[in-house]
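What you see below is based on every heavy atom in this structure, not just the backbone, and it leaves out hydrogens, waters and symmetry mates. Because the structure is predicted, anything quoted here is derived from the model rather than measured.
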Amino acid sequence: MGLLKDTEMNHISKLLFKWAYFNLLLCGTWLGPPAMQKAGKRLSMIKKK
Amino acid sequence: MKKLVILGAGCGGTMMANKMRKHLDRNEWNITIIDKDNIHDYQPGYLFVPFGINTEREIRKTKREFLKPGIDFVISELVNVDWDKQQVTTATRGTFSYDILIMSTGCDVRPEEVEGLGETWGKDVYGYYRFDHCVDLKKALAGFEGGKLVVNIAEMPIKCPVAPLEFAFLADWYFHTRGIRDKVEIEFVTPLTGAFTKPVATAVLTSACEQKNIKITPNFALGSVDGERKVISSYDGTEVDYDMLVSIPPNFGSQVMIDSGISDPMGYIPVDKHTLQPKDRPNVWVLGDGTNVPTSKAGAVAHFQADILEENIMAYINGEAQHARSDGHAL
Ligand SMILES: Cc1cc2nc3c(=O)[nH]c(=O)nc-3n(C[C@H](O)[C@H](O)[C@H](O)COP(=O)(O)OP(=O)(O)OC[C@H]3O[C@@H](n4cnc5c(N)ncnc54)[C@H](O)[C@@H]3O)c2cc1C
């Protein structure tokens with residue numbers, strides 16, 4: 001659950017995302033396929049529930 | 001000339017206007033985007049304004065600067081959307097007919113929907129889901145020397161469901177930095193059954209709250225706010241007292257959708273969750289916070305929805321089958 005961790009890296013990434021929002025997202029830039037990506041997700045934990 | 005009209009020049013509308021301008025021939029298609037103002041806020045930045053981490057200059061821009069050339073920007077409040085007549089009406093700029101309509105008018109907080117909340121707003125009760133609210137909260141936090149800070153979600157759905165917890169964590173950091181954390185009690189009062197909606201995230205976030213000494217009060221459906229006694233009450237009669245309340249009031253879709261009779265009572269437009277189209281409206285698409293789709297109301301979701309719309313709208317224009325399906329994910 002790296003993305004959920006309370007780390008300085010996560011905090012800085014969140015602050016830096018502003019740049020991506022204004023410069024990439026709003027322009028309509030394609031940032032990857034629209035279907036959910038499984039990489040980095042612990043799907044096994046969800047299945048166990 | 002054919003007409004593509006887009007409602008709302010926030011996150012979803014701006015993305016769609018720019019995407020469609022890339023595809024559509026300027027000699028064949030006119031693109032018009034309508035919004036009530038020319039201010040584009042980076043809303044995730046609202047979280048950081050009360051703590052002095054983000055400034056107005058950093059998160060507040062104009063809408064026009066993000067729209068590509070060849071997109072007409074109309075600044076006027078929408079007052080009616082008529083799917084039968086295929087036209088939308090604005091308060092000051094007349095009526096616009098369309099061949100294709102894309103709607104992304106988002107949602108907004110309504111403190112006045114909770115008994116006592118609207119009246120108490122600004123008197124030990126603050127929020128951060130609008131820019132002016134963030135500015136007031138920043139001043140109030142700077143003057144807060146100790147006591148009980150309650151962060152409360154009135155009801156779901158809200159935009160960015162994790163933002164209230166992020167606020168509580170930032171408050172913990174902020175009071176530590178000011179050297180008064182031991183004088184401040186932080187309580188997170190939520191209508192959810194735990195810290196968050198999903199079990200995996202809830203487990204991680206609950207333990208983070210424990211480490212930060214943030215108390216979680218779950219299953220609390222806000223009924224009223226008593227500004228005199230400084231108490232919030234749930235429908236089942238549970239009371240939580242506060243010295244400062246940071247409230248996330250009920251979120252509603254745009255009032256014009258309710259007035260036009262095309263939304264549910266909360267202003268959210270019913271659409272097919274995979275195609276994002278209202279029933280029997282083949283030339284209308286809705287994205288972002290303004291739909292009734294059971295997914296997070298987040299810019300990240302709107303971004304992936306925009307990719308689906310881009311593909312399907314182009315297929316519709318070219319008379320082809322529409323294959324793209326939204327799965328509602330944010331990441
Ligand atoms: C505190 C906070 C933190 C957030 N953090 C994140 C995050 O970390 N990650 C994330 O993905 N998302 C986050 N979000 C959510 C994100 O900002 C929204 O989901 C996103 O902006 C939705 O896009 P939208 O186009 O649906 O609505 P908006 O971007 O809100 O745009 C709607 C537009 O419609 C216009 N409009 C509405 N009614 C009318 C009318 N009657 N006439 C004319 N114009 C009208 C408005 O003026 C506005 O410009 C956060 C939101 C908040 C408040």
I'd like to know whether CD of A:Glu8 has more than 12 heavy-atom contacts from other residues, nucleotides or ligands below 6.0 angstrom.
no
NZ (B:Lys273) with more than 12 external heavy atoms under 6.0 Å
no
Aromatic rings B:Tyr42 and A:Phe22: how do their planes relate, parallel, tilted or perpendicular, breaks at 30° and 60°?
tilted
So, for A:Leu25 and B:Met15, which heavy atoms are closest and what is the spacing to 0.1 Å?
O-CG, 3.1 Å
Under 6.0 Å from the NZ atom of B:Lys215, do we count more than 12 heavy atoms belonging to anything else shown?
no
Proximal component of B:Leu67, with respect to chain A [non-hydrogen, under 4.5 Å]:
neither
Smallest separation among heavy atoms of B:Asn18 and A:Leu26, with atom names
ND2-O, 2.7 Å
For B:Phe169, which atoms come within 4.5 Å of any heavy atom of chain A: side chain, backbone, both, or neither?
neither
Minimum heavy-atom separation for A:Tyr21 to B:Asp41, with atom names?
OH-O, 4.3 Å
Identify which of B:Glu58, B:Gln211, B:Met16 forms the greatest number of heavy-atom pairs closer than 4.5 Å to chain A.
B:Glu58
Measure the shortest side-chain to side-chain distance between A:His11 and B:Leu170 over non-hydrogen atoms and say whether it is less than 4.5 angstrom.
yes
Which one, B:Arg21, B:Glu166, B:Glu310, leads in non-hydrogen pairs under 4.5 Å with chain A?
B:Glu166
Is it the case that atom NZ in B:Lys212 sees more than 12 heavy atoms from other parts of the structure closer than 6.0 Å?
yes
Of all the heavy-atom pairs spanning B:His303 and A:Thr29, show the shortest one and how long it is.
CE1-O, 3.6 Å
